[in-house]
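Lettering of chains follows the sequences in order, A, B, ..., and the numbering in each one begins at 1.
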Amino acid sequence: MASLRQIFGVFAKIGAFTIGGGYAMIPLIRDELTTRGWISDEELPDIIALAQSAPGVLAVNVSIFTGYRLRGLKGSIAATLGTILPSFVAILLIAMVFRGYADHPVVERVFKGIRPVVVALIAVPVVRMARQMGSGILPWVIAAGTLVLVAFLKVSPIWVLAALAVTGAGVTLYRQRK
Amino acid sequence: MNETLILLQLFGVFFLIGMFTFGGGYAMLSLIQTQVVVAHGWMSESAFTDIVAISQMTPGPIGINCATFCGYTVMQEAGTGHLMGILGSFTATLAISLPSFIIVLLLVKFYTHVKGSPLFEGVMAWIRPAVVGLIAAAAVILALNVSWDGTPLFSHPAFSIVRDNFPDLRSWLLLGAALLASFFLKIKPIALIVAGGILGFLLY
């Protein structure tokens, strides 16, 4: 059986070696977890589907679930700490140093070039996700409506998402009753 | 402002973000941005953009990295010392992960019921497209600023470019080049950020 230290160590390795997170982590997760026999190849799609059904970040959700499977609540805490801790320390150190140099002329020039690139990087997945949205007019109305409400009318996305969840539940229950 | 109060606010804000993030890291960035930059005014758009760049380049999930960095920066912007900054990082990171923790553990117990249930699928059918709009909104807010002189929709809007992120023509060209490079040449985000940094150094 996997010890808590082993669980922490494996997830720390996964956390420390994936840059960008999310789907970039899946191949690494598969390598590390299936070779140890902690999960089987058949289980992986189910684990990912479950991780996507819960809110939050994919990598963290996968660690919570796998850790739980291995050693219960303690296992899930060990796995989550493993995923988060290496980057937590790295980011904290960078944040402390960055504040001192943010106004340095060279840093300022470098980031002047980086900022438009970041905006592009955020925009790119939108197109990819929009292509996968499927047919029907409703998804496009929801997507465009959310964009207008959040970007132009300053409505908090949390209200938008909560309202959509309630509407979705209402519509489904209404259809079921009919 | 009182340090403890900001820590409590950080906890509340990041807990909500963790609870409402569907669709992964970029959706989380967009929620963090609307809360930290737009709703609370804890930092500027350009400070947030810098944090996103660093979060992308540092190993680990981008959404969590961004939360950790924001927790530190929010406390520092409030004029506190390093120790409170570290506490801010810790608070934001814990708060953003806690809802996942609770919900995943519940799902483990009830997943067989939830999976494929019409109600769950019905709710997700309305949430998934919103995530696309949400991420689009994040990109728009980093480039375009809309301010209303009263209640939104019932007063006059004023549109302006976010000058810190797009000071001149060069920055729009960089945006265009990055979009093309990512779409057609499939260049990885980190390589694009490094290229942007080098070009920034050379151009400015």
For [X] and [Y], work out which heavy atoms get closest and say how close.
{"X": "Leu161(A)", "Y": "Phe20(B)", "value": "CD1-O, 3.2 Å"}
{"X": "Ser100(B)", "Y": "Asn61(A)", "value": "CB-OD1, 3.1 Å"}
{"X": "Ala16(A)", "Y": "Pro59(B)", "value": "O-CB, 3.1 Å"}
{"X": "Ile103(B)", "Y": "Ala54(A)", "value": "CG2-CB, 3.9 Å"}
{"X": "Trp126(B)", "Y": "Gly168(A)", "value": "CD1-CA, 3.5 Å"}
{"X": "Pro61(B)", "Y": "Val60(A)", "value": "CG-CG2, 4.4 Å"}

Top of [options] for chain B proximity - count of heavy-atom pairs under 4.5 angstrom:
{"options": "Val141(A), Val160(A), Val171(A), Val127(A)", "value": "Val127(A)"}
{"options": "Ala120(A), Ser87(A), Ala51(A), Pro55(A)", "value": "Pro55(A)"}
{"options": "Ile91(A), Ile114(A), Ile122(A)", "value": "Ile91(A)"}
{"options": "Glu108(A), Lys112(A), Met129(A)", "value": "Lys112(A)"}
{"options": "Ala165(A), Ser156(A), Ala123(A), Ser63(A)", "value": "Ala165(A)"}

Can you tell which of Leu175(B), Leu192(B), Leu199(B) makes a side-chain contact (heavy atoms from CB on, under 4.5 Å) with Val117(A)?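 Of all the options given, the one that passes is Leu192(B).
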
Here's a test for you: under side-chain contact (heavy atoms from CB on, under 4.5 Å), which of Val38(B), Leu134(B), Val131(B), Leu16(B) qualifies with Pro157(A)?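 With Pro157(A) as partner, side-chain contact (heavy atoms from CB on, under 4.5 Å) holds for just one option, Leu134(B).
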
Beyond-backbone contact of [X] with [Y], side-chain heavy atoms, under 4.5 angstrom:
{"X": "Ile77(A)", "Y": "Phe101(B)", "answer": "yes"}
{"X": "Phe166(B)", "Y": "Val119(A)", "answer": "yes"}
{"X": "Val118(A)", "Y": "Gln56(B)", "answer": "no"}
{"X": "Leu153(A)", "Y": "Trp148(B)", "answer": "yes"}
{"X": "Phe69(B)", "Y": "Ile94(A)", "answer": "yes"}
{"X": "Val106(A)", "Y": "Tyr204(B)", "answer": "no"}

For [X], which atoms come within 4.5 Å of any heavy atom of chain A: side chain, backbone, both, or neither?
{"X": "Pro167(B)", "value": "side chain"}
{"X": "Thr151(B)", "value": "neither"}
{"X": "Ser182(B)", "value": "side chain"}
{"X": "Ala136(B)", "value": "both"}
{"X": "Phe90(B)", "value": "both"}
{"X": "Leu144(B)", "value": "side chain"}
{"X": "Tyr72(B)", "value": "side chain"}
{"X": "Thr93(B)", "value": "side chain"}
{"X": "Met19(B)", "value": "backbone"}
{"X": "Leu153(B)", "value": "both"}
{"X": "Val140(B)", "value": "side chain"}

When only heavy atoms count and the cut-off is under 4.5 Å, which of residues 142-152 of chain A reach chain B?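 Residues in range: Ile142(A), Ala143(A), Thr146(A), Leu147(A), Val150(A), Ala151(A), Phe152(A).
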
Quick check: under 4.5 Å, non-hydrogen atoms only, which of residues 96-105 of chain A neighbour chain B? Met96(A), Phe98(A), Arg99(A)

Give, as side chain, backbone, both or neither, the part of [X] having an atom under 4.5 angstrom from any heavy atom of chain B.
{"X": "Gln132(A)", "answer": "neither"}
{"X": "Leu138(A)", "answer": "side chain"}
{"X": "Leu164(A)", "answer": "both"}
{"X": "Pro139(A)", "answer": "both"}
{"X": "Tyr68(A)", "answer": "side chain"}
{"X": "Ser76(A)", "answer": "both"}
{"X": "Thr172(A)", "answer": "side chain"}

If you look only at pairs with a residue in residues 15-37 of chain B, which of them pass as a salt bridge (Lys or Arg N to Asp or Glu O under 4.0 Å), with sequence neighbours excluded? none

Among pairs that include at least one residue of residues 40-53 of chain B, which meet salt bridge (Lys or Arg N to Asp or Glu O under 4.0 Å), considering only residues two or more places apart or in two chains? Arg115(A)-Asp50(B)

Is Arg109(A) positioned over the aromatic face of Phe201(B), cation under 6.0 angstrom from the ring centre and no more than 45 degrees off axis? yes

Could you have a look at Ile51(B), Ile135(B), Leu142(B) and say which one has the most heavy-atom pairs with chain A under 4.5 angstrom? Ile135(B)

